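These numbers come from a predicted model, not from an experiment. Whatever order the structure lists ligands and atoms in, that order sets their numbers, starting from 1.
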Amino acid sequence: MCIGGSKQELSVSLCRLHMRGRVVLVRSLQKADTFLQRSIGTDVAAAQAEAPPRDGSDEKDGCKSLHALQVERQEQAERSVLINCQSRTNEKKFLKYLSNHGDIKKYFFYESYGLYAVVEFAKRENVASLLEGAVIPSVSHESTVPFKSRLLSLRNLSLVDLSNQQSGLQCQPQTTIPINEFIQRLSKEESIDQQITSLTEAYQLTEENSRLRFLVCSLLKDIAAAYFPECTIKPFGSSVNGFGKLGCDLDMFLDLDGISGRNVKMPKSGLSLEYQMKRANSERAVTQSILSVIGECVDQFGPGCVGVQKILNARCPLVRFAHQPSGFQCDLTANNRVAMKSTELLYLYGQLDPRVRSLVFTVRCWARAHGVTSSIPGAWISNFSLTVMVLFFLQKRSIPIIPTLDHLRDLAGPADKSVIEGNDCTFVSDFSKIQLKSNTETLEQLLCEFFEFYATFPFSRMSLNIRKGKEQNKPEVAPLHIQNPFETSLNVSKNVNATQLDRFVALCQESSWLLQQRETNTPRGGANMTTAWGLATLLLPSQVAGIKSRKKRRREPASERIKGLLESLKNKNQPKTG
Ligand code: CTP
Ligand code: MG
């Protein structure tokens, strides 16, 4: 899809949107900015003490359209390699060795079953030169599959610094900090708004993690390109929609649009040639056969790809596997253009107002902490459903924070028109056309209201519809009905059973009650105190689950008081003895 509006226009309009006099948000935004700069700049810069100069292209992702971001990241990934290093690799010698093949634009180290380096060269030729110099591993008892890729191992012993036990290499974290540690950190914040911002900062994907995701797509593309040289593999879902948490799965889309015959203009007259191609019964059958073959290649030839499962009979056929060097759980799909559209839509909503991402992050973390969501597929509410629920809630504020999808469709220009398999997927891509209402609610208010909203939502009768920004009568029987924004006859949360929905509602009731208690919503005394309060309390399963008994305890003193009063009245009316 072509996202209109120049990059500059986009930046200006976004900055304008972000600056809209929301004084309460300024601090949070400043913190978020500092974080972004830290994760993009200083942390990496530390590892780059002797590193090549930065190219200045690390503009904050927040001001780019998803399309621009994807193009840039894909291009970076094509110029990058992934190298398994020895734990005491000498950084300086390592860089010097690699620089023989060309300028290094960026690099970082991380740990995942071993030490790895992502190295981005200035040109693709540099990578070709590096690969030319690489050797085939010599193995004594086994054989190797002679598939060469950009996943390499560093074997030169002289690059290992034996004089120094500690290599001093700075690794970029690819996983989140343990929840216990995090809860302590949250408890030191001064307000619930700050806690929410801090949670978002700590759990969102880092610059490096995002690069690694695109690199894995690019490595996979090299496998698929053996059959389909013009293909691309694009990440979608939470890896790119702005709502991804460190450790989330990597959803990939094998894009064959360039060779699918879609959008092809037939010559009106004269001679022309066309390819002879095998025919299949349906598009689904083609997708299944392509994924079956690529899945087999990934399984048999893909370095680092393990546990490959071909799930071809699912509504959306996919190949699932683990990419060990990155630690990502991967889902590869094909012909999944509607999901790409919903990814773009979520990205757009997340960019419109910083509270959207923060609230989605908080609700996702809260749900995970209480087991309302899970990484294992099942009758749980999915993160995607939960995100749509947050968006719906934000549309339903008395002053809506985000517009409806119908409104975004009405703002669309001719270039935005998109119909996929008969579904209208059109919505505006030029952010500057979107006028937001001036809602000034704080994150704390919104979180509290979110719980209240869903604690009392008439789930038994109504369906959530972000296209209209309104609840509507359920078109079919399902405990939870959330209309798919583009494939409107589908229910996004079809998998959810009544037990899981009841748990969600009960947790919303309890969390809403907790947030209204003074003992929960008041800071517990500054930087050295670690007693959980505010959001930290909400993330502790024992605290929320314990509410029912606490509510009961609260009632007890009242009943005790009444009992005492009755006793005293009785005593008063009784003749004094003695
Ligand atoms: N999707 C969809 N309809 C669904 C489920 C998923 O359109 N019923 C699309 C959404 O764009 C979603 C993407 O597929 O973002 C990937 O799905 P999934 O991995 O389940 O959700 P994520 O948003 O990636 O969240 P998570 O971090 O849990 O992976
Ligand atoms: Mg996902």
Side-chain angles (χ1 to χ4, degrees), residues 1 66 70 174-176 200 203-205 209-210 213 216-217 233-255 311 314-323 326-350 356-357 360-369 371-392 405 418 420-421 423-425 427 463-467 476 478 480-496:
M1 186 192 105
L66 182 57
Q70 297 245 18
Q174 305 303 320
T175 49
T176 49
T200 313
Y203 283 87
Q204 69 191 348
L205 300 186
N209 194 268
S210 174
R213 284 170 190 268
V216 172
C217 289
I233 291 191
K234 293 176 182 159
F236 71 98
S238 61
S239 293
V240 282
N241 66 15
F243 301 116
K245 234 170 79 180
L246 273 179
C248 68
D249 68 355
L250 172 57
D251 301 296
M252 290 178 280
F253 164 58
L254 172 65
D255 190 353
I311 309 170
R315 190 183 75 78
C316 179
L318 71 134
V319 175
R320 179 165 287 168
F321 59 94
H323 185 258
S326 61
F328 296 143
Q329 185 63 39
C330 303
D331 278 351
L332 176 67
T333 57
N335 194 18
N336 195 6
R337 288 175 300 137
V338 180
M340 279 307 287
K341 276 299 194 185
S342 56
T343 301
E344 276 173 36
L345 180 68
L346 260 51
Y347 178 83
L348 183 144
Y349 276 130
V356 179
R357 282 186 70 235
V360 170
F361 261 90
T362 308
V363 171
R364 279 187 171 203
C365 288
W366 163 87
R368 191 60 199 265
V372 173
T373 52
S374 164
S375 57
I376 310 159
W380 295 275
I381 299 177
S382 70
N383 273 328
F384 179 60
S385 298
L386 213 50
T387 306
V388 179
M389 289 172 95
V390 176
L391 297 179
F392 181 73
L405 177 52
S418 164
I420 302 172
E421 290 151 25
N423 301 299
D424 184 6
C425 300
F427 61 91
S463 159
L464 281 70
N465 182 336
I466 61 162
R467 188 161 266 287
E476 61 190 45
L480 176 60
H481 196 282
I482 304 174
Q483 192 191 66
N484 187 309
F486 298 117
E487 295 171 287
T488 52
S489 63
L490 299 179
N491 174 10
V492 164
S493 52
K494 197 175 168 195
N495 62 311
V496 177

As a check for students: among T333, N336, D249, identify the option with a heavy atom nearest to atom 29 (O) of ligand 1.
D249
When rounded to the nearest 0.5 angstrom, what distance separates [atom1] in [X] from [atom2] in [Y]?
X    : Y    : atom1 : atom2 : answer
I482 : S493 : CD1   : OG    : 3.5 Å
T488 : D424 : OG1   : CG    : 9.5 Å
C330 : R213 : SG    : CZ    : 8.5 Å
N491 : H481 : CG    : NE2   : 4.0 Å

Which residue and non-hydrogen atom of the protein lie closest to [atom], and at what distance in Å?
atom                    : answer
atom 21 (O) of ligand 1 : F384 CB, 4.1 Å
atom 8 (N) of ligand 1  : V492 O, 3.8 Å
atom 27 (O) of ligand 1 : S238 OG, 2.7 Å
atom 19 (O) of ligand 1 : D251 OD2, 3.0 Å

Which heavy atom in Q204 sits nearest to a heavy atom in L246, and how many Å separate them?
O-CG, 3.6 Å
What are the two closest heavy atoms between C365 and K245, and how far apart are they?
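Result for this residue pair: SG-CD, 3.9 Å.
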Could you check if a side-chain atom of Y349 sits within less than 4.5 angstrom of a side-chain atom of L405, using non-hydrogen atoms only?
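Sidechains of L405 and Y349: in contact.
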Any side-chain heavy atom of L250 within less than 4.5 Å of one from H323?
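No, too far: nothing below the 4.5 Å cut-off.
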Is [X] touching ligand 1 with its side chain, its backbone, both, or neither, if touching means heavy atoms under 4.0 Å apart?
X    : result
M340 : neither
C248 : side chain
F243 : neither

I need the atoms of ligand 1 closer than 4.0 Å to a non-hydrogen atom of [X], numbered in the order shown.
X    : value
S342 : 7 (O), 9 (C), 10 (C), 11 (O)
T343 : 11 (O)
G237 : 13 (C), 15 (O), 16 (C), 24 (O)
F236 : 13 (C), 14 (O), 16 (C)

With a 3.5 Å distance limit and no angle check, can you tell me whether [X] reaches the backbone of [Y] through a side-chain donor-acceptor pair?
X    : Y    : answer
R357 : G242 : yes
T333 : L254 : no
N484 : S489 : no

Taking both backbone and side-chain atoms of N383, is any N or O found less than 3.5 Å from an N or O belonging to ligand 1?
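The answer is yes, given that N383 and ligand 1 share an N or O pair closer than 3.5 Å.
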Taking K234 as the fixed residue, which of D251, N336, D255, T343 is the one that meets the side chain to side chain donor-acceptor pair (under 3.5 Å) rule?
D255
What is the ring orientation for F427 with F486, classed by angle as parallel under 30°, tilted 30 to 60°, or perpendicular over 60°?
parallel
Can you find a non-hydrogen atom of R364 under 4.0 Å from ligand 1?
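The answer is yes, since R364 has a heavy atom less than 4.0 Å from ligand 1.
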Under-4.0 Å protein heavy-atom contact, atom 3 (N) of ligand 1
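Under 4.0 Å from atom 3 (N) of ligand 1, at least one protein heavy atom found.
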Among the protein atoms near the Mg ion (ligand 2), how many are N, O or S and lie under 2.8 Å away?
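There are 2 of them.
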